[in-house]
Amino acid sequence: MTTSVMIAFLPFGATTMSVRVRFAPSPTGHVHIGNIRAAIFNWLFARHHGGRFLLRIEDTDRERSTPEAVQTVIDALEWLRLDWDEPPVYQSAQRDRHLAAAEELLRKQLAYREDKGQEGRGECIVFRMPKRDISFNDAVKGLLRKNAEDLKDFVIVRSDGTPVFHLANVVDDIAMGITHIIRGDDHVENTFRHIALFEALEAPAPRYAHLPMIVNAQGKPYSKRDGAAYVGEFREKGYWPEALLNYLALLGWSPGGDREKMSREEMISLFSLDRVKSSPAQMDLRKLTHLNSLYVAEMPLETFIRHMREYTRRHEWAQKADPTLFERVAGLLQTRTPVFSQTEAWEHFFRDDITYDEKAVRKTLGQPGMRRVLETARACLTESDFSVAGLEAAVRRAAAASNLEPGRLNQPLRVAVTGSATGAGIFETMAVLGREKTLTRLQKAATLCAE
RNA sequence: GCGCCCAUCGUCUAUCGGUCAGGACAUCAGGUUUUCAUCCUGGUAAGCGGGGUUCGACUCCCCGUGGGCGCGCCA
């Protein structure tokens, strides 16, 4: 018999009780991807069980915990639509409660005052770890056990009178009625202490689930230097929240089988802690981007337009862009936009001057006789209407007139008109660009051509 | 150093003792397309090593090896 039976745990089955989980970030000015992933799992778990998802701001570090930093957390959650069910609890406001708990432990001889000498000035309050083994059944890692001799007493109130993380955390969880704690792997070792605290405070311990870390290619914790690491960065780079949510949910969890792309409703109904892996997962930006492009491609055009307006706002060319033209370009480029921030293919539609890709120019316009070929094309296009079909016919005529196979003229035209060798269909592009711009650019491009 | 945890294609994963070890990203080769991308078809690619248990092990156990986490008056 292990001692774990002596510790009161909340009932095992989530169905017979109302689930209350929490996301408890310390506001630092940014929300790390690993943290938000913990929030996602908590949220999915709560929604799956019809429970409550709560928010607790661990703002005990007064230096860093500015209102702006708190807002960053709120923004991240709102952006991903991880809604919480009760007003946020601010840990800094719970101090009396924390200290009262410490006093109670002191009274019960479960904690003691001590002057540790070191940097401390005066006495701090130390929690007395029970002299026996502690074990608990982690929902993802299984039975975890720690021997008594590996568990040391620890400080719960500093000599300056401020409560330490462990105390605050447990006291708040009790006050908030938390039933399941779903958090990062790095907290596993703390759990033994926390369980002892729950017991000492005569509260049933919640069920624990420790999520594997998100790591980089070197197996180290994923950080800013490995690419985007904060929620805000993903947003800036133009990832769609549904795609990021989907991708992050798949990091360490899988519904089984081949399911990958899922709506949030599907994830909610499929989610379960026992399908969470216990090995670390490596972040793969390429897969995220691929998933994102799928989401972008399938969203309603109006939604795409709305977001592209937002993402292009900082570009000068977009500020004065004709709304109708903007919409037509969006229609042309939606399926080739992996992330909202990728606007290279947009720019030339809205500018008078275009920049030519040197390599593309050399390869196409640099061909002998190209100046005459373009002049012929320009003549044919001048006579054409600017519908897609009309343009295609005109280009075919121009190709024939220059003794070129059908299609051989397309790339030179593309480079002449857009400056680039890649892009949407050339007929569609010219149609959207319109007669005036197309013809002007063709004329201009002649100067870049070989004789 | 001590304690704990982890280990399937390059990456994310499926598999709950019996599978030609499946899917996705990436990659390669074809095809479609007016370019690129998309899309379609196909290919390369995995059970860390060694012992057990079992008729049978990726799956269970043990020992290695490798990696991670923890060991604060940080959170």
Side-chain angles (χ1 to χ4, degrees), chain A residues 24-26 28 58-61 64 91 114-126 138 140-142 144-147 149-152 154-166 168-169 184-193 210 212-215 217-221 247 250-261 274-275 277-291 293-294 297 333-338 345 360 363-364 391-392 395-396 399 405-415 418 420-429:
Chain A
S26 54
T28 57
E58 306 214 326
D59 57 345
T60 48
D61 183 343
R64 290 194 296 177
Q91 190 160 67
E114 186 184 49
D115 188 340
K116 292 205 161 196
Q118 310 145 243
E119 57 183 282
R121 297 162 198 105
E123 293 183 318
C124 55
I125 301 178
V126 181
D138 190 279
V140 342
K141 302 179 98 68
L144 299 177
R145 183 190 322 243
K146 203 83 171 173
N147 293 330
E149 57 267 33
D150 296 319
L151 267 4
K152 295 187 294 188
F154 57 96
V155 175
I156 52 177
V157 178
R158 301 185 188 87
S159 51
D160 67 0
T162 58
V164 168
F165 163 73
H166 304 293
N169 208 260
D185 230 350
D186 48 336
H187 282 295
V188 171
E189 306 286 328
N190 290 332
T191 305
F192 300 97
R193 296 186 177 125
H210 287 94
M213 306 284 271
I214 297 178
V215 299
Q218 287 73 244
K220 306 280 182 192
Y247 178 75
L250 251 21
L251 231 41
W253 172 74
S254 135
D258 297 339
R259 302 286 301 270
E260 287 204 329
K261 188 163 176 291
D274 54 26
R275 289 205 61 90
K277 292 251 298 182
S278 54
S279 51
Q282 197 174 310
M283 181 85 183
D284 185 356
L285 256 6
R286 290 176 306 188
K287 184 156 180 170
L288 201 215
T289 303
H290 174 262
L291 195 56
S293 69
L294 298 182
L333 296 177
Q334 179 174 7
T335 57
R336 42 218 316 148
T337 305
K363 207 168 163 190
T364 57
L391 285 163
E392 178 161 9
V395 170
R396 277 176 183 277
E405 285 173 52
R408 298 290 291 174
L409 187 50
N410 296 353
Q411 277 307 81
L413 274 179
R414 178 190 307 284
V415 174
T418 71
S420 166
T422 65
I426 184 60
F427 311 124
E428 290 81 354
T429 298

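In what follows, chains carry the letters A, B, and so on, assigned in the order in which the sequence lines appear, proteins first and then strands, with residues in each chain numbered from 1. Just so we're clear, the structure is a prediction, and the values are computed from it rather than from any experiment. Computation of the quantities below employed the complete heavy-atom set of this structure, encompassing side-chain atoms and omitting hydrogens, waters and symmetry-equivalent molecules.
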**Prompt:** How is A:Tyr247 classified with respect to the nucleic acid when contacts are heavy atoms under 4.0 Å: base, sugar-phosphate, or nothing?
**Reply:** nothing
What's touching nucleotides 24-33 of chain B from the protein side, N or O pairs under 3.5 Å?
unit_1	atom_1	unit_2	atom_2	d
B:A24	O2'	A:Glu260	OE1	2.8
B:A24	N3	A:Lys287	NZ	2.9
B:C25	OP1	A:His290	NE2	3.3
B:C25	O2'	A:Lys287	N	3.3
B:A26	O2'	A:Arg286	NH1	3.0

**Message:** Base, sugar-phosphate or nothing for A:Ile426? Non-hydrogen atoms, less than 4.0 Å.
**Reply:** base
**Fill in**
For A:Val140 and A:Lys277, the nearest pair of non-hydrogen atoms, with its separation, is CG2-O, 4.1 Å
**Asked** Checking all strands, does A:His187 fall into the base, sugar-phosphate, or nothing category for heavy-atom contacts under 4.0 angstrom?
**Response** base
**Request:** Decide if atom CD of A:Glu149 counts as having more than 12 heavy atoms of other residues, nucleotides or ligands within a radius under 6.0 Å.
**Result:** yes
**Prompt:** What is the pairing partner of B:U65, taking Watson-Crick or G-U wobble pairs with both distances under 3.5 Å in any strand?
**Reply:** B:A7
**Item:** Minimum-distance nucleotide to A:Arg158 side chain [options: B:C12, B:C74, B:G70]
**Value:** B:C74
**Request:** Identify the heavy atoms of A:Thr364 and A:Pro412 that sit nearest to each other, and give their distance.
**Result:** CB-CA, 3.9 Å
**Nearest-Å distance once atom C1' is located in both B:G10 and B:A26** = 8 Å
**Fill in**
To the nearest angstrom, the CG-C1' distance between A:Leu251 and B:U11 comes to 10 Å
**Message:** Please determine whether any donor N or O and acceptor N or O are separated by less than 3.5 Å between the side chain of A:Asn169 and the base of B:A75.
**Reply:** no
**Request:** Mark yes when over 12 heavy atoms from residues, nucleotides or ligands other than A:Arg158 sit less than 6.0 Å from its CZ; otherwise mark no.
**Result:** yes
**Prompt:** So what does A:Thr335 hit on the nucleic acid, given a heavy-atom distance under 4.0 Å: a base, only sugar-phosphate, or nothing?
**Reply:** nothing
**Item:** Distance between P atoms of B:U59 and B:G50 (Å, rounded)
**Value:** 12 Å
**Whole-Å C1' distance, B:C4 and B:A21** = 31 Å
**Prompt:** B:C48 and B:G67: how far apart are their P atoms, nearest whole angstrom?
**Reply:** 16 Å
**Prompt:** Within the structure shown, what part of the strands sits under 4.0 Å from A:Ala168 by heavy-atom distance: base, sugar-phosphate, or nothing?
**Reply:** nothing
**Message:** Let's test this: given Watson-Crick or G-U wobble pairing with both distances under 3.5 Å, identify the partner of B:C55.
**Reply:** B:G18
**Prompt:** Please give, in whole Å, the distance from B:A14 C1' to A:Trp253 CH2?
**Reply:** 13 Å
**Request:** Give the minimum heavy-atom separation between A:Lys146 and A:Leu151, together with the two atoms involved.
**Result:** CG-CD1, 3.3 Å
**Request:** Just compare B:A75, B:C36, B:U35 and give me whichever is closest to any side-chain atom of A:Asn190.
**Result:** B:A75
**Prompt:** Of the nucleotides B:C71, B:C5, B:C69, which one has an atom closest to the side chain of A:Lys141?
**Reply:** B:C5
**Message:** Could you tell me the Watson-Crick or G-U partner of B:C73, where both distances fall under 3.5 Å? Say none if there is no partner.
**Reply:** none
**Asked** Mapping A:Asn410 and A:Lys277 onto RNA chain B by nearest heavy atom, which one lands closer to the 5' end?
**Response** A:Lys277
**Request:** In whole angstrom, give me the gap between the P atoms of B:A29 and B:G47.
**Result:** 25 Å
**Value in whole Å for how far the P atom of B:C71 lies from CZ of A:Arg193** = 6 Å
**Prompt:** How many Å lie between CZ on A:Phe427 and C1' on B:C36, as a whole number?
**Reply:** 15 Å
**Request:** State, to 0.1 Å, how close A:Leu251 and A:Gln282 come at their nearest heavy-atom pair, and which atoms those are.
**Result:** CD1-O, 4.0 Å
**Message:** Donor-acceptor check, side chain of A:Arg275 to backbone of A:Trp253, threshold 3.5 angstrom: yes or no?
**Reply:** no
**Request:** May I ask you to verify if any side-chain N or O of A:Lys146 is less than 4.0 angstrom from the OP1 or OP2 atom of B:G70?
**Result:** no
**Message:** Using the P atom as the point on both nucleotides, what is the distance between B:A57 and B:G51, in whole Å?
**Reply:** 13 Å
**Request:** Give a yes/no on whether any side-chain N or O of A:Lys152 is located under 4.0 angstrom from OP1 or OP2 of B:G3.
**Result:** no
**Message:** With nearest nucleotide decided by heavy atoms, which residue, A:Gln91 or A:Ser279, maps closer to the 5′ end of RNA chain B?
**Reply:** A:Ser279
**Complete:** Separation of B:U35 atom C1' from A:Lys363 atom NZ, nearest Å, is 10 Å
**C1'-based separation of B:C25 from B:U65 [nearest Å]** = 29 Å
**Asked** Contact class for A:Leu144 (heavy atom, under 4.0 Å): base, sugar-phosphate, or nothing?
**Response** sugar-phosphate
**Message:** What is the separation between atom CZ on A:Phe154 and atom C1' on B:C74, rounded to the nearest whole Å?
**Reply:** 14 Å
**Asked** How far, in whole Å, is B:U33 from B:C28 if one measures between their P atoms?
**Response** 23 Å
For nucleotides 66-68 of chain B, which of its nitrogen or oxygen atoms have a protein nitrogen or oxygen under 3.5 Å away, and what is each distance?
unit_1	atom_1	unit_2	atom_2	d
B:G68	OP1	A:Lys220	NZ	2.3

**Request:** Select base, sugar-phosphate, or nothing to describe what A:Ala281 touches, counting heavy atoms under 4.0 Å on all strands.
**Result:** sugar-phosphate
**Request:** Please list, chain by chain and in numerical order, all residues satisfying ring pair (Phe, Tyr, Trp, His ring centres under 6.0 Å) with A:His187, sequence neighbours excluded.
**Result:** A:Phe165
**Asked** Once you round it to whole Å, what is the distance between P of B:G70 and NE2 of A:His166?
**Response** 12 Å
**Request:** Please assess A:Lys287 against A:Leu250 for the test side chain to side chain contact (heavy atoms under 4.5 Å, CB included), listing each intermediate value before the final yes or no.
**Result:** CA-CA 11 Å; A:Lys287 184 156 180 170; A:Leu250 251 21; 5.8 Å; no
**Asked** Hey, is the side chain of A:Arg275 poking within less than 4.0 Å of OP1 or OP2 on B:U15, counting only N and O atoms?
**Response** yes
**Message:** Could you identify the nucleotide paired to B:G42, looking across every strand shown and requiring Watson-Crick or G-U wobble geometry with both distances under 3.5 Å?
**Reply:** B:C28
**Prompt:** Does A:Arg414 use its side chain to pair, donor to acceptor, with the backbone of A:Ala424 at less than 3.5 Å?
**Reply:** yes
**Prompt:** Hey, does the side chain of A:Tyr247 reach the backbone of A:Leu285 with a donor-acceptor pair shorter than 3.5 angstrom?
**Reply:** no
**Item:** Closest nucleotide among B:C69, B:U13, B:C73 to the A:Val155 side chain
**Value:** B:C73
**Prompt:** Could you give the CD-to-P distance, from A:Glu114 to B:G72, as a whole number of Å?
**Reply:** 14 Å
**Message:** Would the base of B:C6 count as contacting A:Ser278 through its side chain, where contact means a donor and an acceptor less than 3.5 Å apart?
**Reply:** no
